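Below is one structure, written out as structure tokens; the observations come after it.
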Amino acid sequence: MNESERKVMQITPKSADFSKWYVEIVQKAELADYTPMKGMMVIRPHGYAVWENIQKGLDQRIKAAGHVNAYFPLFIPEGFLKKEAEHVKGFSPEVAWVTIGGKEELEERLAVRPTSEAIIGYMYAKWIKSWRDLPVLINQWANIVRWEKVTRPFLRTTEFLWQEGHTCHETAEEGEAETLAILALYREFCESELAIPVLSGRKSLSEKFAGASMTYAIEALMSDGKALQMGTSHNLGQHFSKAFDIKFEDRGQTLQYVWQTSWGMTTRTIGALIMVHGDDSGLRFPPRIAPVQVVVVPISIGKWRETVLPTAEAVADGLQKAGLRAVIDAREEMTPGWKFSEYEMRGVPLRVEIGPRDVQAGQAVLVRRDTRAKETVPLASLGARVPALLDEIQAGLLAQARAFLEANIRDAADYTAFKDIIEDKRGFVRAPWCGDEACEARIKAETMATIRVIPLDEKEAGTSEPCVACGAKGQVLAYFARAY
RNA sequence: CGGGACGUGGCGCAGCCCGGUAGCGCACAUGCUUGGGGUGCAUGGGGUCGGCGGUUCGAAUCCGCCCGUCCCGACCA
């Protein structure tokens, strides 16, 4: 029996129907489930455990960069939201409103936060008086509500979870440095923890956050060839400090508006983990964020409870004591084969099989989720081999995703080539752009591709080649793609 | 919000065209059996057929409205 025949079919193959594959994996792996309310999902324990690991990794990095956590209210008075004109215009189509409290109609309706710049800006104005109060480096873990018309589990839901950082600085340069430092932090997090390589850069003005001077983003490529924004970092300039009157007395005793940034990553990254690493057998989680890193499956044959189970339990116990997230599945009622499929669906990176033959020989069989490669290891070596193998899996997933990303970045010399690539191959297209918004809009209308990022490095981004769409003198090389 | 498809035990579906009071597979429960890639057999529980209204002696089936889900587009993390 070869590898492909051995695979148990539980879900629609990726190649047959990617969207169907995605929603089936979400449900079969018990990451999330639908509720009776449109667009609102339950993040089930297995999915939430992934989020907790993402939180842990991000929170640690954000704090190491000098930030502290706080919590601001869920509701924002309408007047606050209206203070920054572009901001309210950008978000008004998707804000949910509270108009009644108990039985009383409210004098001023309250927005359920679509993001917290407004309420935080109001508070910052109270707290900041002097250059000695700066910088303010606050992060918040919160839920957000945006009344979306089209929803998909994790990728776009009415309510989602995220972290949002909100900082204030003395100078424009410090604000820009903070924005870029967070962008780099996000990139490092995605690559080292999620094993997802990303392109980073700035957004075009039409794609920037409502109320920002400049938006930077990291973009990943899903295995169906569509791009997904993994995180954004905004340089807010003085837009909000002017709207909310966040002033400080500078070192020269002059009153100045602070320079602000905001930045966020969301539960959407769980969707990326599914779409970047998943295969036809289910999830493939990178060990660093996998809720369960190792599953020990005793092979139940004959008197296995006496002959096999004690060894299997000792192995699981040893792995746990070594600090690994290891479980044993000693359920009587399931066959080993059933369990193999189950843990593959759930993305467990490494399986340890222990049967009577193994106990006799003092060994165990290790099976990688990413490659399905098997190896036999002496029990005495497990303590060293298992962590090493998890590192290999983590690196292997990243390498595989990076190879896919790089193979799907293509240059387009002219518009015909551009359209062909977007239509037939998808992925990212790197092409010269004149910088004109009308040109960008035309490309979007005709190809459904948008500018995902413009590289930061001037050498990489700068070009004098003609714009791929209009033929005018190009200003930058931009990465285009169809996106989620 | 526009175009399309679909809502029948937990899941996947048949039944609808041609009205007569609901069936199959998986899952679930119990027992035996089996166990190195979703064992096999037996028995059993579970459904106001998405909702509301209409036609009819009688509606899962015909008609109308509403709701939801998925896909393809316009807006977004």
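In what follows, every heavy atom counts, from backbone to side chain, and hydrogens, waters and symmetry copies are set aside. In this text, all values refer to a predicted model and were calculated from it rather than measured experimentally. Residue numbering restarts at 1 for every chain, and letters A, B, ... go by the order of the sequence lines.
Between the C1' atom of rC76(B) and the CE atom of Met230(A) lies a distance of 17 Å, rounded to the nearest Å. Distance NE2 (His234(A)) to P (rC76(B)): 13 Å, rounded to an integer number of Å. Atom CZ in Phe209(A) sits roughly 16 Å away from atom C1' in rC75(B) (whole-Å rounding). What separates OH of Tyr484(A) from P of rC72(B) is a distance of 8 Å, to the nearest Å. The interatomic distance linking Leu366(A) (CG) with rG37(B) (P) rounds to 16 Å, in whole Å. Distance Glu24(A) CD to rC26(B) P: 19 Å, rounded to the nearest Å. Rounded to whole angstrom, the span from the CG atom of Asp329(A) across to the C1' atom of rG37(B) amounts to 15 Å. Across the protein-nucleic acid pair, Phe18(A) atom CZ and rC72(B) atom P stand 11 Å apart, rounded to whole Å.
Taking the P atom of each, rG12(B) and rG50(B) are spaced 13 Å apart, rounded to whole Å. Nucleotides rA42(B) and rG15(B) have their C1' atoms positioned 28 Å apart, rounded to a whole Å. rU69(B) and rG64(B) have their P atoms separated by 23 Å, with the value rounded to a whole Å. Across rC11(B) and rC17(B), the matching P atoms stand 26 Å from one another, rounded to whole Å. For the P atoms, the distance from rG20(B) to rC49(B) is 15 Å, rounded to whole Å. Rounded to whole Å, the separation between the C1' atoms of rC52(B) and rC71(B) comes to 28 Å. rA22(B) sits 15 Å from rG45(B) when the P atoms are compared, rounded to a whole Å. Taking the P atom of each, rC13(B) and rU8(B) are spaced 9 Å apart, rounded to whole Å.
At a threshold of 4.0 angstrom between heavy atoms, the contacts of Glu353(A) include nucleobase atoms, whether or not backbone atoms are also involved. Using a 4.0 Å heavy-atom distance criterion, Lys444(A) is classed as a sugar-phosphate-only contact. Within 4.0 Å of Ser206(A), counting heavy atoms only, lies no atom of the nucleic acid at all. As judged by a 4.0 angstrom heavy-atom cut-off over every strand, Val23(A) is placed among residues making no nucleic acid contact. Nucleic acid contact class of Leu228(A) (heavy atoms, under 4.0 Å, all strands): none. In this structure, Phe160(A) reaches the bases: a heavy-atom distance under 4.0 Å links it to at least one base atom across the strands shown. Nucleic acid contact for Met448(A): sugar-phosphate only, since backbone atoms but no base atoms lie under 4.0 Å from a heavy atom of the residue. Within 4.0 Å (heavy atoms only), Val365(A) reaches at least one base atom of the nucleic acid. Within the nucleic acid shown, Arg357(A) comes within 4.0 Å of at least one base atom, counting heavy atoms only. Within 4.0 Å (heavy atoms only), Glu332(A) reaches at least one base atom of the nucleic acid. Among the protein residues, Ser300(A) comes within range of the nucleic acid bases, having at least one heavy atom under 4.0 Å from a base atom. Contact annotation for Glu148(A): base contact, defined as any heavy-atom pair under 4.0 Å involving a base atom.
The pairing partner recorded for rA22(B) is none, the criterion being a Watson-Crick or G-U wobble arrangement whose two distances lie under 3.5 angstrom. With a cut-off of 3.5 Å on both pairing distances, the Watson-Crick or G-U wobble partner of rC6(B) is rG68(B). For rA27(B), there is no paired nucleotide, since no Watson-Crick or G-U wobble pair has both relevant distances below 3.5 Å.
Which of rG36(B), rA74(B), rG37(B) sits closest to the side chain of Val150(A) comes down to rA74(B). Of all nucleotides listed (rG37(B), rC76(B), rG35(B)), rC76(B) comes nearest to the side chain of Arg156(A). Closest approach to the Asp358(A) side chain among rG36(B), rG35(B), rC28(B) is made by rG36(B) (side chain taken as heavy atoms from C-beta onward). Distances from the side chain of Pro153(A) to the nucleotides rG35(B), rC70(B), rA74(B) place rC70(B) closest. The side chain of Arg146(A) lies closest to rC76(B), out of rC76(B), rA74(B), rG36(B). Each of rG37(B), rC72(B), rG36(B) was ranked by its minimum atom distance to the side chain of Ile299(A); first place goes to rG36(B).
Mapped onto RNA chain B by nearest heavy atom, Lys28(A) and Lys226(A) fall at different nucleotides, with Lys28(A) at the one closer to the 5' end. Along RNA chain B, the nucleotide nearest to Arg152(A) and the one nearest to Gly231(A) differ in position, and the one closer to the 5' end is contacted by Arg152(A).
Taking the six-membered ring where the residue is Trp, the centroids of Phe240(A) and His87(A) are separated by under 6.0 Å. Here Tyr122(A) and Phe80(A) bring their ring centres to under 6.0 angstrom of each other. For Phe428(A) and Phe480(A), the ring centers are positioned 6.0 Å apart or more.
When each of Glu344(A), His277(A), Gln400(A) is checked for a side chain to side chain donor-acceptor pair (under 3.5 Å) with Arg284(A), only Gln400(A) meets the rule.
Ring orientation note: the planes of His234(A) and Phe209(A) are close to parallel, at an angle under 30° on the 30°/60° scale.
At rC70(B), none of the side-chain N or O atoms of Ser19(A) fall inside 4.0 Å of OP1 or OP2 (strictly under the cut-off).
Contact annotation: the side chain of Trp162(A) approaches that of Thr115(A) to within less than 4.5 Å [non-hydrogen atoms, C-beta and beyond]. Looking only at side-chain heavy atoms (C-beta outward), Asp424(A) and Ile421(A) stay at 4.5 Å or farther from each other. Side-chain atoms of Arg351(A) and Leu366(A), non-hydrogen and from C-beta on, never get closer than 4.5 Å to each other. Between Cys190(A) and Met265(A) there is a side-chain heavy-atom pair separated by less than 4.5 Å.
For Thr335(A) against rG35(B), a side-chain-to-base donor-acceptor contact under 3.5 Å is absent.
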